[in-house]
Amino acid sequence: DDQLRTTVIKFLCVVPRIFYVDHASRSGNFHPWWQNGRNGTLRSIVESVVLLPPQSRHIRGLLNEALEPNQHAMDVAFAATIISDTWKKEDHDDVHYGPEHGRIAAEHWRSFAHIKHLDARVIEEVADACYWHMGLYTPGATLTTPFTPVTELVNACDVCTSHSELGVIY
């Protein structure tokens, strides 16, 4: 979706600058070592984006009869994965949003994407997956919280790439 891609690119021009250089985990406990240095958040996002296509083939709600993932769903998943960690921190006053960062990023995304006249349904699909990207660890989530197949995909990739024990392999 060219309009979604363009809107995400423009959105990345207004996120806090620290997003581009900061480490992925403030405590160092929730990501592997290579994500806890300079540019760590970007490394985490790139690794999640790389996992999206192969992981999508394991989520039934994303697949068509030929067992290929729905392209629109994949576009939404790519956008949500990229956006979800953009507002972990602010550029000033050491403001850190902790587990609320998905909600904060989703709010910023909604405001920005509406101004850019992106389709309201697409805005909400991206915001939903962004908001819930931490799955059951999202504040307010319960075992009965319904997640869309796109949210399941974004969460699965986020979990895989942010697991601190990955560092044991290397």
Side-chain angles (χ1 to χ4, degrees), residues 4-5 8-9 11-63 69 73-109 125-143 145-170:
L4 176 56
R5 184 179 308 111
V8 169
I9 291 167
F11 180 75
L12 291 173
C13 295
V14 300
V15 302
R17 291 179 313 237
I18 198 164
F19 162 74
Y20 293 101
V21 296
D22 212 6
H23 50 271
S25 173
R26 177 165 246 202
S27 67
N29 294 328
F30 299 109
H31 287 264
W33 59 266
W34 61 87
Q35 294 173 4
N36 284 322
R38 188 168 176 82
N39 310 112
T41 300
L42 287 179
R43 289 174 189 207
S44 177
I45 290 170
V46 167
E47 291 167 7
S48 290
V49 165
V50 167
L51 279 181
L52 287 170
Q55 187 65 31
S56 70
R57 297 180 184 283
H58 300 281
I59 299 179
R60 292 179 184 179
L62 296 175
L63 302 176
M74 290 304 297
D75 290 344
V76 170
F78 282 119
T81 299
I82 292 166
I83 291 167
S84 64
D85 286 342
T86 53
W87 250 273
K88 280 188 169 185
K89 302 169 187 167
E90 292 282 358
D91 286 332
H92 55 82
D93 301 328
D94 198 33
V95 175
H96 184 263
Y97 293 110
E100 293 287 339
H101 70 271
R103 178 183 61 79
I104 302 296
E107 290 172 3
H108 284 280
W109 164 254
E125 289 173 327
V126 172
D128 182 70
C130 182
Y131 183 102
W132 295 106
H133 79 282
M134 294 189 334
L136 293 174
Y137 295 96
T138 304
T142 68
L143 289 174
T145 301
F147 296 130
T148 67
V150 170
T151 298
E152 289 179 24
L153 174 60
V154 171
N155 173 245
C157 293
D158 187 68
V159 166
C160 288
T161 62
S162 65
H163 204 282
S164 60
E165 280 74 19
L166 285 174
V168 172
I169 298 169
Y170 303 102

[atom1]/[X] to [atom2]/[Y] distance, rounded to the nearest 0.5 angstrom?
{"X": "Asp85", "Y": "Cys130", "atom1": "CG", "atom2": "SG", "result": "8.0 Å"}
{"X": "Ile83", "Y": "Thr81", "atom1": "CD1", "atom2": "OG1", "result": "9.5 Å"}
{"X": "Ser56", "Y": "Leu63", "atom1": "OG", "atom2": "CG", "result": "6.5 Å"}
{"X": "Phe147", "Y": "Ile59", "atom1": "CZ", "atom2": "CD1", "result": "12.0 Å"}
{"X": "Thr151", "Y": "Asp158", "atom1": "OG1", "atom2": "CG", "result": "12.0 Å"}

Check: Which is it for Thr86 and Phe11 under the side chain to side chain contact (heavy atoms under 4.5 Å, CB included) test, yes or no, and what are the steps along the way?
Finding: CA-CA 10 Å; Thr86 53; Phe11 180 75; 3.8 Å; yes
Are any of the side-chain heavy atoms of [X] and [Y] separated by less than 4.5 Å?
{"X": "Leu166", "Y": "Trp34", "result": "yes"}
{"X": "Leu153", "Y": "Met74", "result": "yes"}
{"X": "His163", "Y": "Pro32", "result": "no"}

Would you name the heavy atoms of [X] and [Y] that are closest together and state the gap between them?
{"X": "Pro99", "Y": "Met134", "answer": "O-CE, 3.5 Å"}
{"X": "Thr142", "Y": "Thr145", "answer": "N-OG1, 2.7 Å"}
{"X": "Gly135", "Y": "Ala141", "answer": "O-CB, 3.6 Å"}
{"X": "Ser44", "Y": "Thr161", "answer": "O-OG1, 3.8 Å"}
{"X": "Arg57", "Y": "Pro69", "answer": "NH1-CD, 3.7 Å"}
{"X": "Tyr131", "Y": "Pro139", "answer": "OH-O, 4.3 Å"}

Next item on the list: Dump the intermediate steps for side chain to side chain contact (heavy atoms under 4.5 Å, CB included) on Gln35 and Glu47, then the final yes or no.
Entry: CA-CA 10 Å; Gln35 294 173 4; Glu47 291 167 7; 2.5 Å; yes
Next item on the list: Check the pair Asn155 / Trp132 against side chain to side chain contact (heavy atoms under 4.5 Å, CB included), numbers first and verdict last.
Entry: CA-CA 7 Å; Asn155 173 245; Trp132 295 106; over 6 Å; no
Next item on the list: Just jot down the salt bridge (Lys or Arg N to Asp or Glu O under 4.0 Å) partners of Arg38, sequence neighbours excluded, or say none.
Entry: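 Arg38 satisfies salt bridge (Lys or Arg N to Asp or Glu O under 4.0 Å) with no residue once adjacent residues are dropped.
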Check: Under the salt bridge (Lys or Arg N to Asp or Glu O under 4.0 Å) test, which residues partner Arg103, sequence neighbours left out?
Finding: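 Arg103: salt bridge (Lys or Arg N to Asp or Glu O under 4.0 Å) contacts with Glu100, Glu107.
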Notebook entry, point to check: Counting heavy atoms not belonging to Ile169, are there more than 12 under 6.0 Å from its CD1?
Noted result: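 Enclosed: over 12 neighbouring heavy atoms sit under 6.0 Å from CD1 of Ile169.
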Checklist line | Any donor-acceptor N/O pair, Thr41 side chain to His23 backbone, under 3.5 Å | finding: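 Judged by distance alone, yes, a pair lies under 3.5 Å.
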Note to self: By the definition side chain to side chain contact (heavy atoms under 4.5 Å, CB included), identify the one residue from Tyr97, Trp109, Phe19 that meets it with Trp87.
What the structure shows: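 One option only clears the test, and that one is Tyr97.
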Margin query: Salt bridge or not between Asp22 and Lys88? Use side-chain N to carboxylate O under 4.0 Å.
Written below: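 The answer is no: the pair does not qualify as a salt bridge.
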Next item on the list: Fit a plane to each ring of His101 and His133, take the angle between them on a 0 to 90° scale, and name the class: parallel (under 30°), tilted (30 to 60°) or perpendicular (over 60°).
Entry: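 Judged by the thresholds at 30° and 60°, the geometry between His101 and His133 is perpendicular.
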